[in-house]
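Treat the numbers as computed from the prediction; the structure is a model and nothing was measured. Protein chains get the first letters and strands the later ones, always in sequence-line order, with residue 1 at the start of each. Below, all heavy atoms of this structure are taken into account, side chains as well, without hydrogens, waters or symmetry copies.
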Amino acid sequence: MDQWVSWCLVVLPALPVLSAIVAPLAGSGQQARAARLSVAMTAVTCVVSVVLLVAVLRAPQGDVTVARLGPAALMLDNLAVAMAVLVSAISLVVHVYSVRYMADEPGYVRFFAMLDLMTAVILLMVTAADLLTLLAAWFLIGVLLFFLLGFDTTRKASGRYALWTFLTYRVGDLPMVGAALLLWHGYGTAELPELFARITANPGMQLGGVAVVPLVALLLALAAFARSAQFLLHTWLPYTMDGPTPVSALMHAGIVNAGGFLFNRFAPVFVHAPDALHLAFVVGLVTALIGSALMLTQNDVKKSLGYSTMGQMGFMIMECGLGAFSLAVYHLIAHGLFKATLFLNAGNVIGDSRRDDGVPPDDIYSFVVERRPLREVQKVPWLWAALATVLVPALVLGLSHGMVAADFFHKQGSVVLLFFGWVTGAQLFFSIHKMPSESPLRTLTMVLLSFFIVVVGYTLIAHTFESFLYPDEELRDAIYAAASINVLAFDILVVLVTVALVGSWLATFYTHSLEFEGKPGTRWNAIYLNLYALFSREFYVSYIYTQLARGTLSATKRVNIWLRWV
Amino acid sequence: MIALLLALILLPLFPLSMLFNAGLQALPVWLRVPVLLAFPAAGAWLLNQAAPPPEQYILPLQLLAAFTALLYAWRLLSVQEVFIWARLQATSVWPLVWLAWLHGLHGKTLLFVALAMTIPAAVLMILGSGLSSRFGGAYLGLRGRIGPAFPRLTLAWVVTLLAALAAPPFPGFFAMLAVLQQIPVGLAAVVLAVWLLWSWAAALLWQHGLFGREWPRPAGTVDLSYGAGLGLMLTAVAAVLASIGGWSWWMH
């Protein structure tokens, strides 16, 4: 690509840094001017990222530009530019939103300076072309997030939750440092394009009798788990709601999904580490299930959104574990956009619903949104319901994928993943079919048509996006091959997942007639209530961590006193 | 061997580190900063002159250094007094210099590692004096946040703590990478744990000083002057640029 592209690449993270320095100086005594300047600089950053996207689209397939800035190296490839456009666009929305939202807060100018710095380091992370730059950006995101989440210094709680986040991020930084050191020692270079070429040439490299690549993949996966709030490293996420709403939006839309980015950036490593991908699948699955379950039991809108993000991140990591790397990026972009909208609108929704919930009594709403069972449902045979909800998506999925890629069914990961989504969608379709309606046939036709459009649309977009992110077909197939399991295990998994999904939906559908809660005073009722308490207390995970931290602190106090603080 | 023994006094390992800390605490505040800078510089210089220790002492030395670094980093967690924090942190830094030296790091790089990770502790001592003269003690977390009363002093303290926990782009970050590159995997795990403990301790100290009820400015006290603030900021920028430049040179 041309020289100007390299300049634009350097300018991309440099502009927000410049804004963080200039805006507070220019806005001394005039807060609004500082905010306007910061927004203008972010808008220019966004334009630069779009220009880079155009440059990448016009360049020959697979062309990668590397630019140098001191010891740092920046890289422009399809993944970097997709992430840069997402990050700068969301940052721009958050900046614009903050102009009025934060206007009455003390430290208004400081807030914009920190937002700018955060934008700069995220851009640095997604464009990093060497291990050192990536490590520095990875580390700095955690540090800046601490100060952004703890922006409201009047409340001790915001400091406490910022500390949790910072610590979890630091725990995740360590395996990342370990992975970088191993790659450095093993392959003798820190430059990512050269490193990936050497890994492809010699994936079996050993250090002290230990294979480097599988160990590095495991460490990278651990770093991704901490960054993307996977189960047991998730406790910080729902509690970061104490930070300002624009920060929540930026974090849930552009920071927490860095785990998915990491998997994609190091795809040439994961290709040679199937075990790390299988681990990612299991961890992602557990996180998706637990995150979603905890989301359902929260009565606080923002905390519920936090657990929803956790569930989505689980799903994203699971996608990586299944080899659908590009789908994970597509997912994180889609999730980033809708979650940012939800957060930025959360205040309005709460305000409106305090005056009037505005929700008309509606069976679809109460079943789909409030997750309450249908009350007056005409009973249908359960076997018919189950068959309809499995066959319809299987048919639509098969047809739509037959159109875009004949070899689709060799990619086990995508099959499992999409089946998950479409079975869930079909359950929705089935539920809506049962709703009272003036024109049931019309409703049914519309729902079927919408479902078909969504499936085909998603399939086409996913296929196009995959070709964009991974133009090298060999790498694409190698990732799926690395993530695949033997056919028998795969078939059993599909059957189990289908049974679990259909069973859960049927159980929800017939909750009233099945009387899950049991009669008060019975043993089953006690178990049910205890289970509910366990969920509502978030499995006591954060409680256990708090107790462990307190124990550690009190032990250090005792030792310090014993050693007389010397 | 004499150089090695002298280095053990200048870059003390446990239990000599306790003697050093007791001595440093007994010194007047104005003398602590030069001592804190001179000891690691002289220690690193002596290590550069010294021959490697006999084979049978290498493993015990490594274990002792790893233990000292971990012990002092762990003890930092409950410290809320800035002077104590600074000297305990410096004491957990110096064993890392030993580890790097034992695995072949020599010359200017060893000196850079020793100083890059000790200078923030020395600056913390200076800022501790600033806090002490304004509040009567450098103890944080007793009342509340100090930011609104002394914004420039607070900023300087936050930035220095960032440097102390070896965050990028401060010199300590590059020094930690230089140490980690030099040592074997087992010791690298210990050094990473020490790094994590520094971060935890620094974040706890921030929590004590940055959040909560406002700590009113005591009568007759003023914030850090613009000149002093600017001087500190320029020093930090110069250190960052120098370390980045130094790293580039070392890498190539």
Side-chain angles (χ1 to χ4, degrees), chain A residues 70-72 106-107 110 121 130-133 135-140 142-143 146-147 150 152-160 162-167 169-171 173-175 177-178 180-182 184-185 190 207-208 210 215 549 552-561 563-566, chain B residues 17-25 71 74-79 81 84 87-88 91 144-145 147-148 158 162 165-169 173-174 176-177 180-181 184-185 188-189 192-193 195-196 198-204 206-208 210-214 241 244-245 247-252:
Chain A
R110 176 167 51 96
V121 290
D130 70 321
L131 293 169
L132 181 70
T133 312
L135 276 182
W138 194 260
F139 192 139
L140 276 175
V143 172
F146 174 86
F147 291 105
D152 182 3
T153 51
T154 57
R155 301 183 59 242
K156 278 206 159 187
S158 56
R160 189 162 58 245
L163 172 74
W164 283 15
T165 307
F166 179 62
L167 261 186
Y169 271 37
R170 290 297 293 129
V171 167
D173 291 344
L174 303 185
V177 175
L181 288 168
L182 279 171
W184 214 331
H185 276 297
L207 274 179
V210 178
L215 185 57
T552 307
L553 290 182
S554 78
T556 61
K557 266 180 211 159
R558 278 199 297 274
V559 170
N560 273 332
I561 291 168
L563 294 176
R564 298 184 183 278
W565 302 89
V566 293
Chain B
S17 54
M18 288 182 70
L19 280 177
F20 171 83
N21 270 284
L24 196 67
Q25 187 72 355
L71 175 73
W74 179 69
R75 287 178 57 194
L76 271 183
L77 296 177
S78 60
V79 178
E81 211 254 6
I84 301 178
R87 61 179 169 74
L88 291 195
T91 317
R145 65 200 164 113
V158 167
L162 275 174
L165 69 87
F173 175 73
F174 299 98
M176 284 301 273
L177 289 183
L180 283 164
Q181 252 203 328
V185 177
L192 289 175
W195 206 353
L196 178 67
W198 289 349
S199 302
W200 188 358
L204 281 172
W206 279 328
Q207 230 191 330
H208 293 311
L210 290 179
F211 299 97
R213 270 189 312 118
E214 190 175 329
L241 292 178
I244 290 174
W247 180 264
S248 300
W249 169 79
W250 194 52
M251 288 293 289
H252 294 101

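- One distance of note links CG of A:L563 with OG of B:S17; it measures 9.0 Å at 0.5 Å rounding.
- For B:L210, the parts lying near chain A are the backbone and the side chain together; criterion is any non-hydrogen pair under 4.5 Å.
- Of the listed residues (B:R75, B:R213, B:E81), the one with the most heavy-atom contacts under 4.5 Å to chain A is B:R75.
- Heavy atoms closer than 4.5 Å to chain B are found in both the backbone and the side chain of A:L174.
- Contacts with chain B were tallied for A:D173, A:V177, A:V210, A:L182; A:V177 has the most, counting heavy-atom pairs under 4.5 Å.
- Heavy atoms closer than 4.5 Å to chain A are found in both the backbone and the side chain of B:V79.
- No part of A:L207 comes within reach of chain B, as not one of its non-hydrogen atoms sits under 4.5 angstrom from that chain.
- Only the side chain of B:W206 has a heavy atom closer than 4.5 Å to any heavy atom of chain A.
- Comparing A:R564, A:K156, A:R170 by heavy-atom pairs within less than 4.5 Å of chain B, the highest count is held by A:R170.
- Interatomic distance, CD of B:Q207 versus CZ of A:F166, reported as 11.5 Å (0.5 Å rounding).
- For B:L88, the part sitting under 4.5 Å from any heavy atom of chain A is the side chain, from C-beta outward, and nothing else.
- For A:A555, the parts lying under 4.5 angstrom from a heavy atom of chain B are both the backbone and the side chain.
- Interface summary for chain A: among B:P148, B:G212, B:P169, the most heavy-atom pairs under 4.5 angstrom belong to B:G212.
- Looking only at side-chain heavy atoms (C-beta outward), A:T552 and B:W74 come within less than 4.5 Å of each other.
- Proximity to chain A is absent for every atom of B:A202, based on heavy atoms less than 4.5 angstrom apart.
- Considering only heavy-atom pairs separated by less than 4.5 Å from chain A, the leading option among B:A193, B:A22, B:S199, B:A203 is B:S199.
- Side-chain atoms of A:L135 and B:L177, non-hydrogen and from C-beta on, do get closer than 4.5 Å to each other.
- With sequence neighbours excluded, the residues forming a side chain to side chain donor-acceptor pair (under 3.5 Å) with A:D152 are A:T154, listed by chain and number.
- Side-chain contact between A:L132 and B:F173: present, with at least one pair of heavy atoms (C-beta onward) separated by less than 4.5 Å.
- Heavy-atom distances place no part of B:A188 under 4.5 Å from chain A, backbone and side chain included.
- Going from atom CG of A:L167 over to atom CG of B:L204 covers 7.5 Å, rounded to the nearest 0.5 Å.
- Looking at A:L553, both its backbone and its side chain come within 4.5 Å of chain B, counting heavy atoms on both sides.
- Taking each heavy atom of B:P168 and A:A136 in turn, the nearest pair found is CG-O, 3.5 Å.
- Counting all heavy atoms, side chain and backbone alike, B:F211 lies closest to A:G150 at CE2-O, 3.0 Å.
- Of the atoms belonging to B:L19, not a single heavy atom falls under 4.5 Å from chain A.
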* Go through the steps to decide whether A:V566 and B:R87 satisfy the test side chain to side chain contact (heavy atoms under 4.5 Å, CB included), and finish with yes or no. => CA-CA 9 Å; A:V566 293; B:R87 61 179 169 74; 4.2 Å; yes

